[in-house]
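These notes are about the structure you will find just below.
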Amino acid sequence: MNLQFTPEENTFREKVRAFLADKLPDDIQRKVRLGQQLSAEEHVRWQNCLSERGWLAPGWPVEHGGTGWSPVEKHIFEEECAAAHAPTVVPFGVNMVAPVIIRFGSDEQKHHYLPRILNNDDWWCQGYSEPGAGSDLASLKTRAKRDGDHYIVNGQKTWTTLGQHANMIFCLVRTDPEAKKQAGISFLLIDMDTPGISVRPIITLDGAHEVNEVFLDDVRVPVANRIGEEGEGWTCAKFLLTHERTGIAGLGHAKQALRHLKDAARRQTHRGRPLIETPSFREQIARVELELMALEVTNLRVLAAARDGGAPGAESSLLKIRGSELRQRLSDLTRRTLGPQALPFFADFLAGDEDSLDDDQTFTAAATAQYFNRRKLSIYGGANEIQKNIIAKTILGM
Amino acid sequence: MDFSLSDEQRMLDETVTRLVADRCNPEQRRTLIQERSTALSSLWHTFAELGLLAMPFREEAGGLGGDGIDLMLIMQALGRGLVPEAYLDGLLIPGMLLAELADDSQCEQWLAPLLEGEHQLALAWHETASRYDIDTPATRAERSGEGWHLQGRKQVVLNAPRAIALLVTAGLNDGSLGLFLVPADGDSLQRRNYTTFDDQQASDIDFDTELPASALLANGDRLLVALGETLAHGRAALCAEAVGAMEVACEQTLEYLKERQQFGAPLSRQQALQHRMVDMHLHLEQARSMAILAATSLTLPEEQRDYRIAAAKAYVGEAAQFVAEQAIQLHGGMGMTEECHVAHYAKRLILLDQALGDRDYHLETVMAHLDSAA
């Protein structure tokens, strides 16, 4: 038993670092570092860098354009990307719909969609949640009625992240209202330009436009756009949830956030000394450091099990709970580091525009927005309470 | 990066786990405690026969050269059984100090029989005023003729009632810390023996004792280095023991929730209790990670080692208390009783935080090194 990375893994880390130093554009790096929102163009520009290097889709099988990396290498990649302030890859195409297409799609669907995803030709968004279907996703009501070679889709999706940039949406829809809850659901791919689709922004409490409502009003979708059989949508959705997610603990982000917190607490003075030297505050930083150390080893344990062929199961729920709590705590401490300076809301700067902020202000402007934004971590992807239900059921047999 | 056990480690794990299951079930454990005397138990002799006592010591010192993981496996199993034998305080801690500091004849007299299970020892270091600091005792040793005069009071000397000799810390006139080997049977020792809340044996001892020159095993930096290494092992061992005991506390609590019927259904159907049970499980798994971190850090350079060990001990202490308190809570009134086995686990889990520095003590170490760490 040892916790050291192998020489090969360390070499891999060097390779990733060199790539990031060479290819990550300065303007994008700066925005991520300062917590500014990226434009669609900036996301795509970065993802094109990854595509060119063949590193956009580490989770895919090699024959479809994956990297063949081990779970540990994927972890190293994510950690280095976060440390370098690279943007997070928009996951809906490459990490969410693609694995479903690879697993359940026809050859034709694979040939059509996968290269377009690798090439960043399509921007995908997710049509899962509805106003009446959150944690209880299977109660979704968006209806797809068969009409010859088409479905006619009516309903409303919500929390559609970055849907404002998307040209494609993958949706869970109800094709059989008579069947039992989960059984009547199908998985449809829908072109956002189809008549009858409208997107309305939802402004979140951090002031950002990240999520949207998507309305579907008599939208005609070719039957050929269905993934898997009719009524198999729930299987696809569940597959997505159990699909290997090495990054679920958000460890790279947490490490970066801790570095940032320490940095902020060194810059901020309190009674003439750096705040980090104030014992009560320092203790709180020490506590998140301990939690991060423990989570890192737990994450490595799960990665090693995955590498050795173990199926990632309910452990990912553990990582999700503790990882999200840790990142929330870090963003809380970072906000509190700043004192009254945490209050100003420089909306234009946060939205990614240039602004006449001074250096100190650019450094601190995003802290409170990020604190509010990180509240989502314990809500999305199955709220932490849902994760606890999963652990209780599958690990503890309760 | 590898979390798998070697074949030898798997065998060690199975051996000691089976031994504990066979020989230290709740009833046997009660008997072991009741029949405890100065004579060592047959279970201890079995430990010796299986090589478990020699496992954590260097081969040059007559040990089997086990590493941190071997120690972790042993302590985890002992924790699972809540084994009332002083593997840590009667063997590991005094043994490591002897192995590092004693000369050949002292090793022959004290260390070899220790590893063979013929006697036990104890380290007398704790004094109320110095709390968890080992290097600032009020106990003094003065030159007296060719030898030494040792004077002072040591408290809560774990395993002292069974120890044939004590290793005693004392300040020397040159300002350094010294470690003395003192036979435990002398008339000049005033002692009061008692048991602790977690079923350990301990003594308060007043020393006013003449010792030969050879009684001083070491002093100064040489001693501090050996103490540092020994305490690091002891703390890592406590983390592992806690994980073993937390496992069982979680298992027993889960079992109880599934059995206990209230409102016409098992308690395990209550979501509030399910989530609490999950929280216990999360604490256990995170503590396990920290125990692994501690076990694999023992061979690191001193500063790095002590940082990680402190982090692990602080974290595990807190997690252990959470599991202990929830185990009592979820057992309801039963958890409050002497008869309930989980209550004994809870007592040990709570009090092992106070062995070799509690969470606050170790958090201070983490805080002191925070800037250099990440």
Side-chain angles (χ1 to χ4, degrees), chain A residues 1-6 9 70 72 75-76 255 258-259 261-262 265-266 274 276-277 279 281-305 307-308 314-315 317-319 321-322 325 384-385 387-393 395-398, chain B residues 1-6 9 67-69 72-73 250 254 257-258 266-271 273-283 285-293 295-297 299 307-308 310-312 314-316 318-319 359-360 362-371 373-374:
Chain A
M1 201 181 282
N2 75 76
L3 304 189
Q4 313 300 317
F5 290 103
T6 63
E9 286 162 347
S70 71
V72 179
H75 163 74
I76 291 171
K255 279 184 154 179
L258 178 60
R259 279 191 288 268
L261 167 62
K262 288 181 180 177
R266 275 186 210 108
I276 197 169
E277 294 176 13
F281 200 83
R282 195 177 175 84
E283 177 177 337
Q284 300 192 66
I285 297 177
R287 284 183 181 280
V288 288
E289 175 131 352
L290 294 191
E291 185 64 31
L292 181 59
M293 286 170 89
L295 193 67
E296 183 162 20
V297 179
T298 303
N299 195 49
L300 292 176
R301 285 166 55 200
V302 172
L303 287 176
R307 178 195 59 195
D308 302 338
E315 295 89 351
S317 293
L318 184 160
L319 293 174
I321 294 170
R322 284 301 183 109
E325 288 173 352
N384 283 13
E385 289 72 21
Q387 305 297 333
K388 289 187 180 181
N389 290 350
I390 292 171
I391 296 175
K393 192 172 162 194
I395 297 189
L396 303 177
M398 298 179 85
Chain B
M1 195 185 70
D2 180 14
F3 291 90
S4 61
L5 300 176
S6 69
Q9 286 167 341
D67 64 9
I69 298 300
M72 181 182 86
L73 295 173
C250 285
L254 179 60
L257 292 180
K258 287 178 178 174
L267 285 178
S268 61
R269 301 272 170 79
Q270 302 274 355
Q271 195 184 40
L273 305 186
Q274 289 178 353
H275 285 196
R276 195 76 61 79
M277 194 66 234
V278 169
D279 287 337
M280 290 171 70
H281 192 76
L282 297 184
H283 278 83
E285 288 308 317
Q286 292 284 77
R288 190 192 305 282
S289 289
M290 280 303 215
I292 292 171
L293 185 71
T296 52
S297 299
T299 50
Y307 182 78
R308 292 186 177 194
Y315 193 95
V316 171
E318 200 161 321
R359 72 192 72 163
D360 302 315
H362 289 296
L363 197 61
E364 249 187 295
T365 305
V366 175
M367 285 166 67
H369 295 86
L370 200 57
D371 295 294

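As the structure is a prediction and not an experimental result, all values here were calculated from the model. Computation of the quantities below employed the complete heavy-atom set of this structure, encompassing side-chain atoms and omitting hydrogens, waters and symmetry-equivalent molecules. Just so it is clear: chains get the letters A, B, ... in the order the sequence lines come, proteins before strands, and each one is counted from 1.
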*Run the salt-bridge test on A/Arg301 and B/Glu285 with the 4.0 Å N-O cut-off and return the result as yes or no.*
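Looking at A/Arg301 and B/Glu285, the cut-off is met.
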*asked:* Quick test of your reading of the model: are A/Glu291 and A/Arg287 salt-bridged, counting only N-O distances below 4.0 Å?
replied: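 Salt bridge flag = no for A/Arg287 with A/Glu291.
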Choice from [options] maximising heavy atom contacts with chain A below 4.5 Å:
| options | result |
| --- | --- |
| B/Glu364, B/His283, B/Arg308 | B/His283 |
| B/His275, B/His281, B/Met290 | B/His275 |
| B/Leu273, B/Thr296, B/Leu267 | B/Thr296 |

Non-hydrogen atoms of chain B under 4.5 Å away: do they reach the side chain of [X], the backbone, both or neither?
| X | result |
| --- | --- |
| A/Gln4 | backbone |
| A/Glu385 | both |
| A/Asp308 | neither |
| A/Leu292 | neither |

*Could you pull out all residues at least two apart from B/His362 that satisfy ring pair (Phe, Tyr, Trp, His ring centres under 6.0 Å)?*
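Checked B/His362 against ring pair (Phe, Tyr, Trp, His ring centres under 6.0 Å); zero matches.
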*Side-chain touch A/Val297/B/Phe3, heavy atoms, less than 4.5 angstrom*: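 Sidechains of B/Phe3 and A/Val297: in contact.
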Contacting region of [X] [heavy-atom separation from chain A under 4.5 Å]:
| X | value |
| --- | --- |
| B/Arg288 | both |
| B/Leu254 | side chain |
| B/Leu293 | both |

_Minimum heavy-atom distance A/Ala392-B/Val278, with the two atoms named_ =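 Smallest interatomic distance, heavy atoms only, reads N-CG2, 3.7 Å.
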*Between B/Ser268 and B/Gln274, which heavy-atom pair has the shortest distance, and what is it?*
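It is O-NE2, 2.9 Å.
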*Apply side chain to side chain donor-acceptor pair (under 3.5 Å) to A/Arg307 and list each qualifying residue two or more places apart in sequence or on a separate chain.*
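A/Arg307 satisfies side chain to side chain donor-acceptor pair (under 3.5 Å) with no other residue.
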*For each of A/Glu9, A/Met293, A/Glu296, tally heavy-atom pairs with chain B at distances under 4.5 Å, and name the one with the top tally.*
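If we count pairs closer than 4.5 Å to chain B, A/Met293 comes out on top.
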